[in-house]
Q: 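Got a structure for you, questions after.
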Amino acid sequence: MTAPRTPSGPESLVARTLDAGLEALVPLSFGRPGLALRRRLPGWDRALPDGRGRTVLVTGATSGIGHALVGLLAASGARVLATARDTARAAALADRFATAGTPVAAVLPLELEDLASVRALAARLAIDSPDVVVHNAGAMHPERAVTVDGLERTWQGHVVAPFLLTGLLLPHLRTRPDARVVLVTSGGMYLEPLVVRRVDSPHGYRPAVAYARAKRAQVELAVEWHRRLGATGVAIHAAHPGWVDTPGIRRALPGFARATGVLLRRPGQGADTIQYLALAPRRTSADAGGLLWHDRRPRSSVRLPRTRTDPAERVRLWDRLVAESGVDPEAG
């Protein structure tokens, strides 16, 4: 991945050197101290991004990072469209945001484990199209299960359904100035390579591994989106929020949550870079998309040599998603 150009000069060099040193210390970098220290480095933009005039769709807004992100976006002046898994949850969520003083434009039902629900949302958004789409929804499932579409649910919820929604919204996003799509990934993806034939864990399902494989696919897909469709003007990024204290983490990985409890970020801190990618002005041509971001800087997606991705594997990923989603973004 190619990082955006950064300002020259001794101050920015110091900041980059300190940031790189921090990045090598995983528990500090991914934990709460990493964000706290980086916020003190020269060049960190302390101004709240201005969301006025922007419409942002956030999936998975019921709790955790998504819920915090909606509050941050609404406070910035953005018009926010949020999703919940069904109509009843959507109504309850809208009431919660209104009570908290951060009302949203709408809370829409979206069930990622049913591609018909994804298509229904896309049809509705054809009338009320967002400028920014944040694919935040996700879960780590304890057992392997197949959706109504015949796909493994971790794979479908994190990768197939977001691919379908993005593909269906792409004609509308192309008409928006500075349109963006953000895929919210996880540090677990650093442990898994992209192997398309096993992205849906057909044998020996393990929850954390299936989740990490799906998250690795998200990151590699951002690269492939940019390679194929970067010239359309729609920037597609992946964002790693760090280690965040969410209900999902406590439920799915209780041991990890206990061991790292003092380091875990609050949901609003995990949402910081996602909000930044959604709203910050595009600075250089290198910001067009296809990058993995953490704490407002592009990062390498490779920490272990065995996880380096062959470009041909990304092509196989794209072809599989076109077949399973039923949409070909390149064909319009």
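Count residues from 1 along the sequence. Computed from heavy atoms alone, side chains included, the values below leave out hydrogens, waters and symmetry copies.
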Q: Within 45° of the axis and under 6.0 Å from the centre of the six-membered ring of W155, does NZ or CZ of R320 qualify?
A: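 So R320 does make the cation-pi contact.
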
Q: Under a single-linkage definition using a 4.5 Å side-chain heavy-atom cutoff for Ile, Leu, Val, Met, Phe, Trp and Tyr, are L35 and L18 assigned to the same hydrophobic cluster?
A: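 They do not share one cluster, since no chain of ILVMFWY contacts under 4.5 Å joins L35 to L18.
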
Q: Please check: side-chain N/O of N136 versus main-chain N/O of G60, any donor-acceptor pairing under 3.5 Å?
A: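 Side chain of N136 to backbone of G60, a donor-acceptor pair under 3.5 Å: yes, one is there.
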
Q: State, to 0.1 Å, how close D19 and R299 come at their nearest heavy-atom pair, and which atoms those are.
A: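 Looking at all heavy atoms of both residues, the shortest contact is OD2-NH1, 2.6 Å.
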
Q: Applying salt bridge (charged side-chain N to carboxylate O under 4.0 Å, His left out), name anything that partners R303, two or more places apart in sequence or on another chain.
A: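 By the salt bridge (charged side-chain N to carboxylate O under 4.0 Å, His left out) rule, R303 matches E23.
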
Q: Report yes or no: do V26 and I249 belong to one cluster of Ile/Leu/Val/Met/Phe/Trp/Tyr joined by side chain heavy-atom distances under 4.5 Å?
A: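 V26 and I249: one cluster.
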
Q: Yes or no on side-chain contact (heavy atoms from CB on, under 4.5 Å) for L291 and H226, after CA distance, side-chain angles and deciding distance?
A: CA-CA 9 Å; L291 301 172; H226 180 61; over 6 Å; no

Q: Checking salt bridge (charged side-chain N to carboxylate O under 4.0 Å, His left out) for the pair R228/E330: CA distance, chi angles, key distance, verdict?
A: CA-CA 8 Å; R228 293 173 183 260; E330 288 184 295; 2.7 Å; yes

Q: Are L81 and L72 joined in one hydrophobic group, where the rule is that I, L, V, M, F, W and Y side chains link up if heavy atoms are under 4.5 Å apart?
A: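 Shared cluster, no.
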
Q: Pick from Q269, R38, R39: which one makes a side chain to side chain donor-acceptor pair (under 3.5 Å) with D295?
A: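 Only one option passes, and that is R38.
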
Q: Does V322 belong to the same Ile/Leu/Val/Met/Phe/Trp/Tyr cluster as L170, with side-chain heavy atoms less than 4.5 Å apart forming each link?
A: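 V322 clusters together with L170.
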
Q: Can you list the residues that meet the salt bridge (charged side-chain N to carboxylate O under 4.0 Å, His left out) rule with R79, with sequence neighbours excluded?
A: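 Only D128 meet the salt bridge (charged side-chain N to carboxylate O under 4.0 Å, His left out) criterion with R79.
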
Q: If we ignore hydrogens and angles and just use 3.5 Å, is the side chain of T185 paired with the main-chain N or O of A239 as donor and acceptor?
A: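 It does not hold such a pair.
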
Q: List, by chain and number, the other hydrophobic cluster members for V315, where Ile, Leu, Val, Met, Phe, Trp and Tyr join if side-chain heavy atoms come within less than 4.5 Å, directly or indirectly.
A: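 Hydrophobic cluster check, V315: no partners found.
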
Q: Check step by step if side-chain contact (heavy atoms from CB on, under 4.5 Å) holds for H135 and L183.
A: CA-CA 5 Å; H135 292 293; L183 299 162; 3.6 Å; yes

Q: Sort and list the pairs that fulfil side chain to side chain donor-acceptor pair (under 3.5 Å) and have at least one residue in residues 244-257, not counting sequence neighbours.
A: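 Non-adjacent pairs meeting side chain to side chain donor-acceptor pair (under 3.5 Å): D245-R250.
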
Q: Can you spot which of T307, T309, V219 makes a side-chain contact (heavy atoms from CB on, under 4.5 Å) with L194?
A: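 When side-chain contact (heavy atoms from CB on, under 4.5 Å) is applied between L194 and each of T307, T309, V219, only T309 qualifies.
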
Q: Which word best sums up how the rings of W225 and F163 line up, parallel for under 30°, tilted for 30 to 60°, or perpendicular for over 60°?
A: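 The arrangement is tilted - the two ring planes meet at 30° to 60°.
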
Q: Looking only at non-hydrogen atoms, find the nearest pair between L112 and L115 and report the distance.
A: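 Here L112 and L115 meet closest at O-CD2, 4.4 Å.
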
Q: So which heavy atom on R40 is nearest to which on A36, and how close?
A: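 Minimum heavy-atom contact is CG-O, 3.5 Å.
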
Q: Checking side-chain contact (heavy atoms from CB on, under 4.5 Å) for the pair L221/L317: CA distance, chi angles, key distance, verdict?
A: CA-CA 8 Å; L221 185 58; L317 173 65; 4.1 Å; yes

Q: Determine yes or no for a side-chain-to-main-chain donor-acceptor pair under 3.5 angstrom, with R32 supplying the side chain and L263 the backbone.
A: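 Not at all, since once roles are kept as given, no pair shorter than 3.5 Å links the two residues.
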
Q: Suppose we screen for salt bridge (charged side-chain N to carboxylate O under 4.0 Å, His left out). Which residues come up paired with D114, at least two apart in sequence or across chains?
A: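 By the salt bridge (charged side-chain N to carboxylate O under 4.0 Å, His left out) rule, D114 matches no residue at all.
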
Q: Judged by atom type as modelled, is there a donor-acceptor pair below 3.5 Å linking the side chain of S76 to the main-chain atoms of L73?
A: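 The answer is yes, because a donor-acceptor pair under 3.5 Å joins these two groups.
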
Q: Quick check: is L292 connected to L191 through a chain of hydrophobic side chains (ILVMFWY, heavy atoms under 4.5 Å apart)?
A: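 L191 and L292: separate clusters.
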
Q: For residues T154 and R144, is any side-chain donor paired with an opposing acceptor at under 3.5 Å?
A: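 Checked: T154/R144 side chains show no N/O donor-acceptor pair below 3.5 Å.
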
Q: If hydrophobic residues (ILVMFWY) are linked whenever their side-chain heavy atoms come closer than 4.5 Å, directly or via other members, who joins L25 in its cluster?
A: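 Joined to L25, directly or through intermediates: L22, L28, L37.
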
Q: With H294, which of Y276, Y190, F30 fulfils ring pair (Phe, Tyr, Trp, His ring centres under 6.0 Å)?
A: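 Checked Y276, Y190, F30 against H294; only one passes ring pair (Phe, Tyr, Trp, His ring centres under 6.0 Å): F30.
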
Q: Check for a donor-acceptor pair, side chain of R96 on one end and backbone N or O of T62 on the other, with a separation under 3.5 Å.
A: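 Yes; at least one donor-acceptor contact below 3.5 Å.
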
Q: For the side chain of R265 and the backbone of V244, is there at least one donor-acceptor N/O pair under 3.5 Å apart?
A: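 Answer holds: no.
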
Q: When you measure from the side chain of S325 to the backbone of L164, do you find a donor-acceptor pair of N or O atoms at a distance under 3.5 Å?
A: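 No, because the side chain of S325 does not come within donor-acceptor range (under 3.5 Å) of the backbone of L164.
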
Q: Begin with the C-alpha distance, continue with both residues' side-chain angles, and end with the deciding distance and a verdict on side-chain contact (heavy atoms from CB on, under 4.5 Å) for L168 and V327.
A: CA-CA 7 Å; L168 293 174; V327 65; 4.2 Å; yes

Q: Given 3.5 Å as the limit, does a donor-acceptor pair link the side chain of T59 with the main chain of A137, or not?
A: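 Yes, T59 side chain to A137 backbone: donor-acceptor pair under 3.5 Å.
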
Q: Whether the side chain of T273 engages the backbone of R296 through a donor-acceptor N/O pair (distance < 3.5 Å, no angle test) should be reported.
A: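 Looks like yes, one N/O pair under 3.5 Å.
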
Q: Are Y211 and H141 an aromatic pair, judged by ring center distance below 6.0 Å?
A: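 No; Y211 has its ring centre 6.0 Å or more from that of H141.
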
Q: Say whether, by atom type as modelled, one donor and one acceptor occur between the side chain of Q218 and the main chain of V159 under 3.5 angstrom.
A: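 Here the side-chain-to-backbone pair does not exist.
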
